[in-house]
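Small disclaimer: the values here were computed from a predicted structure and weren't measured. Residue numbers start at 1 and run along the sequence shown.
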Amino acid sequence: MQSDRKSLSLAWFLLLILTLIWGSSFLLIKKGLVLLTSGELGALRMFSAAIVLIPIAIKHLKSFTKQQYFFLFIVGFVGSFLPAFLFAEAETELDSAMAGILNALTPLFVVIIGNLFFSQSITPKSTIGILIGFAGTVVLMLSGFERDQLVINYFVLYIVLATIFYGTNVNIIKYKLHGIKAIPLTSMAMAMTLPFSIVYLFHNMAFVDKLSWQPEVMISLGYVVVLGMIGTAFAMVIFNKLVQISSPIFASSVTYLIPIVAVVLGLLDNEVLHLQHYVGMTIVLLGVYITNRK
């Protein structure tokens, strides 16, 4: 009983830390994009995260089976590498607060992917919640106006795709990599993406030239390095630990809280949200709540 209480307390503590880290990551992406392209930001973010964890990954090179290495590779790409690029590209046309709101779709895809590929049951109530959540996404897609004309913001779909990858990642960790400690798991998954980040950043030297001729780019670089080391490497260790000591749905429920932090920071950074944004956010979170409520 006491052990269960400690696990529950630890789970809630980790959830709070993740909320603060990931809730602020959308603003860091926005700041990084001032002088970096979305591709440079995504690659630099993953490069920073992998570099921090490489020593731990090397230490555990012989700790995994061939099958586990396959799933670690998938986790590294769908759980971190591809979403890093997708969120960066999305925020070239979306405010950081909006990105944080849409990230709340993750628990819906945890349920959907779990049902489709991991033999997890899905109830009629969950189906209703999923439909409501997607209705909120449509509201957010239709929340732009130019000269009184309705504008569909297709950049929302980049984040939808990223949350599909997140939902896949959570299920793989829980059902295919169960029993591997969080730090070795995260370190190896991140390390396996490092060569791809290096190739992207340095294949045509444009990134290096930018660092040489634009000293002010170092400010954006600083934001992204913090994002990579803290918001990706450190946060993924926490998240993977949370998945292991709780459940995929509890772990992904961090996305209930992330929009609050993202919206507050966005408003403090002079972003403007209109009524339809709040309506869309409320519908999305309602759908997530109904889907996951026992």
Side-chain angles (χ1 to χ4, degrees), residues 18-42 44-45 82-109 133-166 216-217 219-228 230-232 235 254-288:
L18 272 179
T19 298
L20 296 175
I21 293 175
W22 276 343
S24 60
S25 66
F26 306 101
L27 184 60
L28 289 174
I29 293 172
K30 174 184 175 181
K31 298 296 186 182
L33 286 171
V34 172
L35 292 172
L36 295 173
T37 68
S38 59
E40 290 169 345
L41 189 149
L44 180 60
R45 176 181 182 178
L82 295 176
F85 285 83
L86 290 168
F87 270 95
E89 182 63 22
E91 285 200 43
T92 61
E93 295 292 336
L94 292 175
D95 285 338
S96 63
M98 176 77 86
I101 293 168
L102 288 163
N103 190 61
L105 291 169
T106 297
L108 302 185
F109 287 112
F134 287 132
T137 306
V138 172
V139 172
L140 291 173
M141 283 185 67
L142 300 176
S143 60
F145 292 89
E146 290 183 5
R147 296 180 180 179
D148 298 325
Q149 296 293 318
L150 184 64
V151 176
I152 300 176
N153 194 331
Y154 291 104
F155 281 77
V156 167
L157 298 178
Y158 285 109
I159 297 184
V160 172
L161 181 57
T163 56
I164 292 174
F165 288 147
Y166 283 154
E216 63 273 17
V217 81
I219 298 174
S220 291
L221 186 144
Y223 285 121
V224 180
V225 169
V226 170
L227 177 65
I230 305 299
T232 303
V254 66
T255 50
Y256 286 114
L257 306 173
I258 286 174
I260 299 173
V261 177
V263 168
V264 169
L265 292 178
L267 294 176
L268 290 175
D269 197 52
N270 299 316
E271 293 180 6
V272 178
L273 292 179
H274 301 290
L275 176 61
Q276 60 267 32
H277 295 123
Y278 291 106
V279 171
M281 177 175 65
T282 301
I283 295 173
V284 167
L285 293 179
L286 176 63
V288 173

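For the atom pair Lys30 NZ and Leu41 CG, the distance stands at 14.0 Å (nearest 0.5 Å). Here Leu257 contributes atom CG and Leu285 contributes atom CG; the two are 9.5 Å apart, rounded to the nearest 0.5 Å. The structure places CE of Met141 at 6.0 Å from OH of Tyr154, a figure rounded to the nearest 0.5 Å. Within the model, atoms CD1 of Ile29 and CZ of Arg45 stand 5.0 Å from one another, a figure rounded to the nearest 0.5 Å.
Counting only distance, with no hydrogens or angles, the side chain of Thr137 and the backbone of Gly133 share a donor-acceptor pair below 3.5 Å.
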Tabulate below the donor-acceptor pairs under 3.5 Å that side-chain atoms of residues 156-166 make, not counting sequence neighbours, or state none.
residue : atom : partner : partner atom : Å
Thr163  : OG1  : Ile159  : O            : 3.3
Thr163  : OG1  : Val160  : O            : 2.7

Please list, one pair per line, the donor and acceptor atoms closer than 3.5 Å that link side chains of residues 93-106 to other protein atoms, with sequence neighbours excluded.
residue : atom : partner : partner atom : Å
Ser96   : OG   : Glu271  : OE1          : 3.3
Ser96   : OG   : Glu271  : OE2          : 2.6
Thr106  : OG1  : Asn103  : O            : 3.0

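In this structure Lys31 satisfies the salt bridge (charged side-chain N to carboxylate O under 4.0 Å, His left out) test together with Asp269, sequence neighbours excluded. In this structure Phe134 satisfies the ring-ring contact (aromatic ring centres under 6.0 Å, His included) test together with Phe109, sequence neighbours excluded. Residues passing the side chain to side chain contact (heavy atoms under 4.5 Å, CB included) test with Leu28 are Tyr223, Val226, Leu227, sequence neighbours excluded. Legend: residues meeting side-chain hydrogen bond (donor to acceptor under 3.5 Å, both in side chains) with Ser38, ordered by chain and number and at least two apart, are Glu89.
Residue Leu33 comes nearest to Ala88 through the heavy atom pair CD1-O, 3.5 Å, listed as atom of the first residue, atom of the second, then distance. Scanning all heavy atoms of the two residues, the minimum distance from Trp22 to Ala235 falls at NE1-CB, 3.4 Å.
Atom CG of Leu267 has more than 12 heavy atoms from other residues, nucleotides or ligands within 6.0 Å.
The only option from Leu265, Ile258, Val261, Val263 that meets the side chain to side chain contact (heavy atoms under 4.5 Å, CB included) definition with Phe26 turns out to be Ile258.
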